Amino acid sequence: MANPLTLDILRQLIGFDTTSAHSNLELMAYVQQYLSSHGVESQRVYNEEDSKANLYATIGPADRAGVMLSGHTDTVPVTGQHWTRPAYELTAADGRYYGRGSTDMKGFIAVVLAAVPQMVQQPLHTPIHLAFSYDEEIGCVGVRRLIDTLQGHPLKPAVCIIGEPTNMQVVTAHKGKLAARVTVKGKECHSGMAPLGVNAINYAARLIGWLERLALAKKTEGPFEQGYDIPYSTVHTGTVQGGTALNIVPNHCSFLFEIRNIAAEDPHQLLQQFRSFADRLESEMQAVAAECAIEIDITTEYPGLSTADDAEVVAFVRNLTDNPAKGNINFGTEGGLFSQVLGIPTVVCGPGSMDQGHKPDEFIEDSQIQQCEAFVQRLIKQLSA
Ligand SMILES: [Zn+2]
C-alpha cells in the first residue's frame, strides 16, 4: 500500500477543482501551508491577473544547483464526460485511486510532498527544487512566468524531472506543438448570385485540403524519428465554423489546426509554406472584393523535448526507477521549455499512465504510487549520501 500521508495529500489535492479555467490559489495555499509546517519556504509566481500562481521552493543548501521536481497543478475539465465516480473526491477501489488529476498529475505531486519531511530531516548535500505550475493543459502557458523568474536566479536547477505519467519509465523525447486559428473573410451575397460573392467556406476548404496534403506528405516523405508511435510530424484540423444559412454565400469561416513536430522539423517553416499558399488564395479573393482576407494567428506553441540518450540526466534518473523500458511519449510537457529556454537537462518520469489521463473515471494504480515513492526515496538517499 502507498504511504497513508501520500494518500491524504492526494485526497486534498483532488478535492480542489483546478480545471485550467479556474484559480489554483486555494490549492497553492494548502501546499504552501503544508510546506511551511515543515519549515520550507516557497515562492509564488503569479499570472497577470493574480488569479493563478506557480510555486517554487528549494529544500537543502541554497548555494548550489539541484534536482528540480516539476509538475502542473491544473487539470482538464470533466465537462461532457460520463463519470461513474465523483471527479473531485478521491475514491479508493481495487488497488486504484479515482479522481480528476489522480494520474495527470496530482499523484506525482502528492508523492513528492509526502517525502518533504524526509527531505528536510536528511541533510541534503544537493538541493531538491519543487516547481508546480498552472495552465499547463492549455498549452504550457503558466510555467513561462516561472521560467522568466528562474532566468534571473543566480542558480538554475542542474537537472529537471517532469513527473507526467510514464509508468515510471524515463522518457527523453516528445514532439513540439504549434496550434493556429485561421479566419477566412469572404463577401456575402444571395446564393442565387453566388459568383458575385466570395465563399469563405470554399476557401477554408481549400486551405484545409492543403493542410491534409501536407499531413500526407509528412507521412510518406518524413522526416522521420524513431521511438514514436507516429514517427513523423502530424498536421490536423480540429474544428471548423462558418456560414449562417444555405441561401447566403458565407462571408466568414474559421478553423483551428495544429502541427505536432519531431525535433528535425521546424513548424514555423511549415507555417510559412501555408502562409504562401494562403497569400495566393487571398489575391484571388481580393480580385473579387478588396475586403476579403485570410488571417492566421498562432494560439499556442511549445517546443518538443529531445534529450540525448547518453546525457548524464538519463543515466541518473534511470538509476532511480524500477522501470527499464524506453520510449517517447505522444503528449507534450513543460520539459521542452525547461530544456530549450533554460538549458536544463530534462527527462519525463512519473507515476500512472496517460491511458487514464483526460478520461472519465481517471485513476492511478496504488502500485504506481508505490513505485514513485521508492523513486523519490532513492533520490533523497542519493542526494544526501
Ligand atoms: Zn499533464
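None of the values given here were measured: they were computed from a predicted structure. We count ligands from 1, going down the list as the structure has it; atoms in each ligand are counted the same way.
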Partners passing ring pair (Phe, Tyr, Trp, His ring centres under 6.0 Å) against H38 (at least two apart in sequence or in another chain): Y34
Smallest separation among heavy atoms of D361 and Y98, with atom names: O-CD2, 3.5 Å
Under 2.8 Å from the Zn ion (ligand 1), the protein N, O or S atoms, given as residue and atom: H72 NE2, D104 OD1, E164 OE1, E164 OE2
Summary of salt bridge (Lys or Arg N to Asp or Glu O under 4.0 Å) pairs that have at least one residue in residues 178-206, sequence neighbours excluded: K185-E295, R206-E284
Reported CD-to-CG distance for the pair E136 and N54, which is rounded to 0.5 angstrom: 11.5 Å
For V45, the rest of its hydrophobic cluster, which grows through side-chain links under 4.5 angstrom: Y56, M68, V143, L146, I147, L150, I162, V171, L305, I329, F331, L337, F338, V341, L342, I344, V348, M354
Ionic contact status for D322 with R378, cut-off 4.0 Å: yes
